[in-house]
Each structure stands twice: as structure tokens, then as C-alpha cells.
Amino acid sequence: MFEYLTKRLSARLELLGWPAERLQLSRPKKAENGDWATNIAMALARDLKRSPMQIAEEPMDGLDLDPGIVEKFEILNPGFINFFQSADYLSSQIRKILKEKDDYGKSNFGSGKTAQVEFVSANPTGPLTVGHGRQTVLGDTLANILTWSGYEVTREYYFNNAGRQMRLLGESLKARYLELKGESISLPDGGYEGAYLIDIAQDLLNEQPDLTADTDVELFKSYAETSIFTNIKSSLERIGVVHDVFYNERSLYETGKIDEVLSILGERGLLYEKDGATWFKTSELGIEQDRVLVKSTGEPTYRLPDIAYHREKVARGFDLVVDIFGADHIDAYPDVLTALKVMGLKYEHIEVVIHQFVTLLRSGEVVKMSTRKANFVTLDELIDEVGADVVRYFYIMRSASSHLNFDLDLAKRQTEENPVFYLQYAHARISSIFRRAQERGLDSDTENADLSLLNEEFAVALINKALEFPEVIDHCRRSLEVHHLPGYLSELATALHKFYTEYKVIDLEQPELSKARLALLEAVQIILRSGLRILGISAPEQM
RNA sequence: GCCCCUGUAGCUCAGCAGGAUAGAGCAACGCUUUCCUAAAGCGUAGGUCAGGUGUUCGAAUCACCUCAGGGGUACCA
């Protein structure tokens, strides 16, 4: 209907010589204002110097619309043109859902195109925390949306197992190990204090009891890394996240990509030496101040490998690159994009999704978190407490740009009245009705159902809500915001529960009506199942 | 100081390519089950959309200013 109206009205506007690109169609909030509406008359009032009501008449005059789609239209003050869809259109759309099944709502926007989503990317210095969880679920769900939009998606995890932090990790493990052997050794300055390192030290002690203070710290570092990465991957798997590529920053050094970036920027005259460090003249490129790329110690800052990594992303030829970052990285990406730009590389296809922090509340108190200080709640603990479905839902029900308050007590306590169960119950409720219908011997032959019987108020409302699904997916894809989906699914569930309360689905006295209603529920269930699948949440048959 | 995010009902938050009377969930109060799962539905109450100025036929939405909270502004990532 949207496509149809857009096409017909645009053609009409062009015929009149009016700017068709100003045409906007939206769904009115109130049902009495129709199913679709346009404000074009008001938008053009100024240019045409005529009243909106007058303007509205003109394109609509003599415009005959397919009665199989549009029932009628109205022009209302102050100048809205409202369109009402026909019953035939609704029936045909339900048929479409039933026919396309789990493919309903997929688009070919990204067909033949590739996309990469980089997310999590936590260095293996400790378990994933509640803070990482948001990014994890955000990235995975967005990847699902892109897949639904036709893209071939690569989920990527970028990490660094070299550098200062990892060395500290190795030293910290070594200290714990020696501590277990009875030596009184203090943790290195700024070392990792987490208890998880004691567990790892114990494992190492069991496997290799003969290490001493003289053992190379490299052994401890590598043992810690392997152990922690195993743990991280297992946490990810528990909430259904599997990355396709783990990209090690170290490879950028080994293949000379780091040096290449330096030499290209050097050739452009954008580098200089000061105080023993190598600086990038970002101040000449619209950024406040210059940035250090190589420290006076000879080690690069994180910016340099980031630039090299993104240069590789560009070279790998993705049509769309999405980076999911926490708000603490907000200053890094302009540098990276600027570098790509001056190197003459494509960068417009790189989208950055910044998510704000998760504030963890426990007993009404803000929990300050730091991986190094070991004052954190792990993602694993959270999953243990509330389950993977609830974890995923809680993280994506809010927009990424809002500061998320994660109230642990609430999440734990809410197992009965949790919003996620509301959705799952809607799905289970339909399954339950199907089971009951079968018991009663009701013919569930939806192929031949007379869908025109679905003309009651709340049936129509439910159908309309169901038909919004592809628009919601598209909205998520366009804005790279996934929180619209859980919101929509809640509305769909509400429409379903309302329908259920008002009408009896299984009515042996009216088998034809029952059949039509069962067909509608089947369509609704298809959408609930698809939506939940995109969110990575299970769709139970019964609860 | 400068940059980014946020400020909407008691609480948590939608809405913000300007549109028709500002929404939901939770919390509060009241109601609904001889009938497909009440993990549900309905109703009542609750608002200076942080504040101000501007643009517009029309502003929660756009611009500017102020205030408040968070993050960044590192030769940490």
C-alpha cells in the first residue's frame, strides 16, 4: 500500500509540476485518520501560496485508485489527505504472510552486498562484564537485521594480545601462581586484581607445577590469554553470539600494515617527530589537536593499529562496515576516518554506532566497575541469574544512545512480570490455541479460510499491526537502531492479547470464522517467531 | 575550556527525516475468569516534554543560549 500510494501520488505531483520528492506518507496515530496519510498539501502551501485544503484537492481530483487496495480517501483540516485501505488488501496481505512464512519481512535491500559488523572486541584481560554485554547484544542483533535485509554479514571481533596491558596480565598471573606456591609476592603496580586470575593460576599450577620466579612472563601471559579467551567465547555462545572472524591486531605488524600506514601518512607530510614520539598532524585536518601515533618508547598508540585495521577493512571490500563502540571510544573514530580520508580511501560506507554506558545498580547503589580492579559483575553471572533471553531483551529494549540503567535486583526479581515473557507468552498462547483447536477436531486448513470474515475492530487492528513488521525491520536497518523491534513486538503482542480477549477463536458453532481467525493467528505467530529470532530470544510453544 | 550523549508521568523509557488530543511498561487505585493459559484484558489517576529565545501555518522533534547528569578531551585501550 505504501509503495502503491507513493508511486501513484508521485506521478500525480510530477504531472502538476510539483516537487514529488517532498511527498511523505506516514501512519496516522488515530485509526479514524486512516491507514496512511500525507501532509504534502501543507508542505507545499508556502511555495504555492495557496491554502492547504485547496492544494490537497488538486492532485486527488479525478485520481482513481485501485479499489482492491484503497477503499477511499479523505481530505481533512488542516490539509491532511488520509487513505483507507480496503478489506481485500488486508486479506491479500495475510495470505502473503502465510505464503512467505519465515521469509516474510525480509528485504533485498542488501542483496548481493556484504556487510561487516565489528563488536565486542574486548582484549583478553578478563571475563566479559555486564558492560560488554550491551555491545555484544547490540552488535549481534544488528547483524541479524542486516542479514534479514539481504546482506551477507561477517561478525568480527578485533583484539590485541600484545602490549602493556597484556604484559601486566602475565605478570599478575605469575604473582598469583607464586603466591599459591607459598611465596609472598605482591601484584605488579596497576596489575589485575581479579579473583579469576587465582583460578587460572590454580589450573596452571595443576598442569605445570615446576614454574618459578625465573620463568619467562611470556608463558604466563600466553596461558592467561588462552584461558580467558576460552571463557569469553563461552560467554558469547551462551547468549547465542558467534563471531565469524577473530582479527588479531598482531597480524597487522607481521604483515607490515602498520609500517605502510606510517609511510603513506609520512609521504603526505602529515607526520612529525616531537619529544621522541611520532605525531599525526590531525590539527590540519579539522581535529582539535595532533595525535601521537608512536610513543617515545617505540610502541604505537591504539590509534595506529586502528587506522591500519580499518584500512584493511576497506581493502576487504565490504559494502557496509559497522563499528560498535562504547562511548569511551567516541574520540577515536574521527581520527581513523580522517586518516582513511587523507590516504585516499573510501570511508563513507563506514558507520559507527556509539552506545552509552550501562550503569549497574545493585540494591539501589551504583556499582563502579573496573576490569583491572576486579570490581565488576560478569556477563556470565548475569546470565546465570536471569537467563539468556532476559539478558538479550534488557540490553536492546533501550536505544543505544540512552544511558542504560541495569537494575540487577529488578532483573532478577522480574522473572514473573518481565517484558520478555510478555512476548514469549503471546507466541506460546497461539501455539496453545492451535493445540486446542486440533484436540477439538477443528479443521485448520488455513489455505481455504475466508479471510474477509476478519472485519471486526480488533481483528483489523491486529492485522494492521502485523503488517507493520517489514517497515519496522527497514527502520532498524536504515537507522542502525535495533530497539524499535522489541517495542514493536510488544505492541503486536498487545494487539494479539486484546484480540484474544475480545473474540473466541475456537468456536465450533462458527467453523468458517474460526478457520479465518486461526489463519490470522498463524500469520501473527510467524511474525512473532521471526521477530524473536532476530532478537536472539527463544519462542516457546508453551509456558 | 572544548567535543559527544542524555534530560518527556512517581520510576524505567518510547516518540524526535516538524504534523492531527504527547505514549508504553512498572508502581498506585478499581474492575473482568461457568468460556481457547488471568504470564492476560479493561478503567481511573498521574505531564510547564529541564528552562529560555527563535524559525514555522504548526515544535517534545529544528537552531541558539542557560542549567543538570554521564562520557571524552592521554606518549591507557
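All chains are named by letter (A, B, ...) in the order of the sequence lines, taking the proteins before the strands, and each is independently numbered beginning at 1.
- Within 4.0 Å of Lys504(A), counting heavy atoms only, lies at least one base atom of the nucleic acid.
- Checked by atom type, the side-chain pair Glu225(A)/Asn161(A) shows a donor-acceptor distance below 3.5 Å.
- In this structure, a donor-acceptor pair under 3.5 Å is present between the side chains of Ser431(A) and Gln525(A).
- Each of Ala327(A) and Ala428(A) was matched to the nucleotide of RNA chain B holding its nearest heavy atom; the match closer to the 5' end belongs to Ala428(A).
- Nucleic acid contact class of Arg429(A) (heavy atoms, under 4.0 Å, all strands): sugar-phosphate only.
- Within the 4.0 angstrom heavy-atom criterion, no nucleotide atom of any strand lies near Glu502(A).
- As judged by a 4.0 angstrom heavy-atom cut-off over every strand, Glu32(A) is placed among the base-contacting residues.
- In this structure, His310(A) has its ring center no closer than 6.0 Å to that of Tyr347(A).
- The glycosidic torsion of A40(B) lies more than 90° away from 0, placing the base in the anti range.
- Relative to the side chain of Asp331(A), the nucleotides U73(B), A39(B), G41(B) differ in distance, and U73(B) lies closest.
- For Ser402(A), counting side-chain heavy atoms from C-beta on, the closest listed nucleotide (U37(B), C13(B), G41(B)) is C13(B).
- Between the C1' atoms of A40(B) and C35(B), the separation comes to 14 Å (whole Å).
- A gap of 8 Å separates the C1' atoms of A27(B) and G10(B), to the nearest Å.
- Note on Ser51(A): nothing from the nucleic acid sits closer than 4.0 angstrom, heavy atoms only.
- Salt bridge annotation for Lys498(A)-Glu502(A): present, with a cationic side-chain nitrogen under 4.0 angstrom from a carboxylate oxygen.
- In this structure, U44(B) and A28(B) make a Watson-Crick or G-U wobble pair, each of the two defining distances being under 3.5 angstrom.
- Checking Asp507(A) against Ser514(A) by side-chain atom types alone, no donor-acceptor pair falls below 3.5 Å.
- In this structure, Leu496(A) atom CG and A39(B) atom C1' are separated by 13 Å, rounded to whole Å.
- Of the C1' atoms belonging to G54(B) and C4(B), the separation is 24 Å, rounded to the nearest Å.
- In this structure, A68(B) forms a base pair with U6(B), meeting either the Watson-Crick or the G-U wobble geometry with both donor-acceptor distances under 3.5 Å.
- Among the protein residues, Gln24(A) comes within range of the sugar-phosphate backbone only, with heavy atoms under 4.0 Å from sugar or phosphate atoms but none that close to a base.
- Residue Phe80(A) places its side chain closer to G19(B) than to any other of C5(B), G19(B), U12(B).
- Taking atom C1' on both nucleotides, A45(B) is separated from C57(B) by 35 Å, rounded to a whole Å.
- Contacts of His497(A) with the nucleic acid, taken as non-hydrogen atoms under 4.0 Å apart, involve only primed sugar atoms and P, OP1 or OP2.
- Rounded to whole Å, the separation between the P atoms of G71(B) and G46(B) comes to 37 Å.
- Taking the side chain of Asn405(A) as heavy atoms from C-beta on, and the options C13(B), U73(B), A20(B), the nearest nucleotide is C13(B).
- Between Arg303(A) and Asp306(A) there is no salt bridge, since no side-chain nitrogen of the basic residue lies less than 4.0 Å from a carboxylate oxygen of the acidic one.
- Rounding to whole angstrom units, CE of residue Met397(A) and C1' of A14(B) are separated by 10 Å.
- Within 4.0 Å of Ala37(A), counting heavy atoms only, lies at least one base atom of the nucleic acid.
- Picking from G19(B), U21(B), A40(B) the nucleotide with the shortest atom distance to the side chain of Lys30(A) gives U21(B).
- Atom NE2 in His483(A) sits roughly 7 Å away from atom C1' in A14(B) (whole-Å rounding).
- With a 3.5 Å ceiling on both atom-pair distances, the Watson-Crick or G-U wobble partner of A63(B) is U53(B).
- Atom pair Asn39(A):CG and A17(B):C1' shows a separation of 11 Å (rounding to whole Å applied).
- Comparing U6(B), G15(B), U37(B) by their closest approach to the side chain of Ser401(A) singles out U6(B).
- A60(B) sits 14 Å from G18(B) when the P atoms are compared, rounded to a whole Å.
- If you check the side chains of Thr278(A) and Glu273(A), you find a donor sitting under 3.5 Å from an acceptor.
- Closest-nucleotide positions on RNA chain B for Val505(A) and Gly487(A) were compared, and the one nearer the 5' end corresponds to Gly487(A).
- Under the Watson-Crick and G-U wobble criteria, each requiring two contacts below 3.5 Å, nucleotide U33(B) is left unpaired.
- The CZ atom of Arg22(A) sits 10 Å away from the P atom of G18(B) (whole-angstrom rounding).
- Residue Arg429(A) is tested with Gln424(A), His497(A), Gln542(A) for a side-chain hydrogen bond (donor to acceptor under 3.5 Å, both in side chains); the sole match is His497(A).
- Using a 4.0 Å heavy-atom criterion, one finds that Arg478(A) contacts the bases of the nucleic acid, with or without backbone contacts as well.
- Considering only the side chain of His403(A), G69(B) comes nearest among A39(B), C13(B), G69(B).
- Under 3.5 Å, the side chains of Tyr192(A) and Gln165(A) contain a donor-acceptor pair of N or O atoms.
- Between the side chains of Arg291(A) and Thr301(A), not a single donor N or O lies within less than 3.5 Å of an accepting N or O.
- When the P atom is compared between U56(B) and C11(B), the two are found 36 Å apart, to the nearest whole Å.
- Among the atoms of the strands shown, only primed sugar atoms or phosphate atoms (P, OP1, OP2) are found under 4.0 Å from some heavy atom of Tyr422(A).
- A salt bridge is absent between Lys313(A) and Glu156(A); no separation between the charged side-chain nitrogens and carboxylate oxygens falls under 4.0 Å.
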If you restrict it to nitrogen or oxygen atoms, what contacts under 3.5 Å exist between nucleotides 75-77 of chain B and the protein, and what is each distance?
| from | atom 1 | to | atom 2 | distance (Å) |
| --- | --- | --- | --- | --- |
| C75(B) | O2 | Ser296(A) | N | 2.7 |
| C75(B) | O2 | Ser296(A) | OG | 2.8 |
| C75(B) | N3 | Ser296(A) | OG | 3.4 |
| C75(B) | N4 | Asp275(A) | O | 3.2 |
| C76(B) | OP2 | Lys295(A) | NZ | 2.5 |
| C76(B) | O2' | Gln165(A) | NE2 | 3.4 |
| A77(B) | OP2 | Tyr302(A) | N | 3.1 |
| A77(B) | N6 | Tyr302(A) | OH | 3.2 |
| A77(B) | N1 | Asp328(A) | O | 3.3 |

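- Residue contacts for Phe434(A): at a heavy-atom cut-off of 4.0 Å it reaches no nucleic acid atom on any strand shown.
- The partner of G1(B) is U73(B), judged by Watson-Crick or G-U wobble contacts that both fall below 3.5 Å.
- Across all strands shown, A14(B) remains unpaired; no Watson-Crick or G-U wobble contact has both distances below 3.5 Å.
- Spacing between atom CZ of Phe394(A) and atom C1' of A14(B) amounts to 16 Å, rounded to whole angstrom units.
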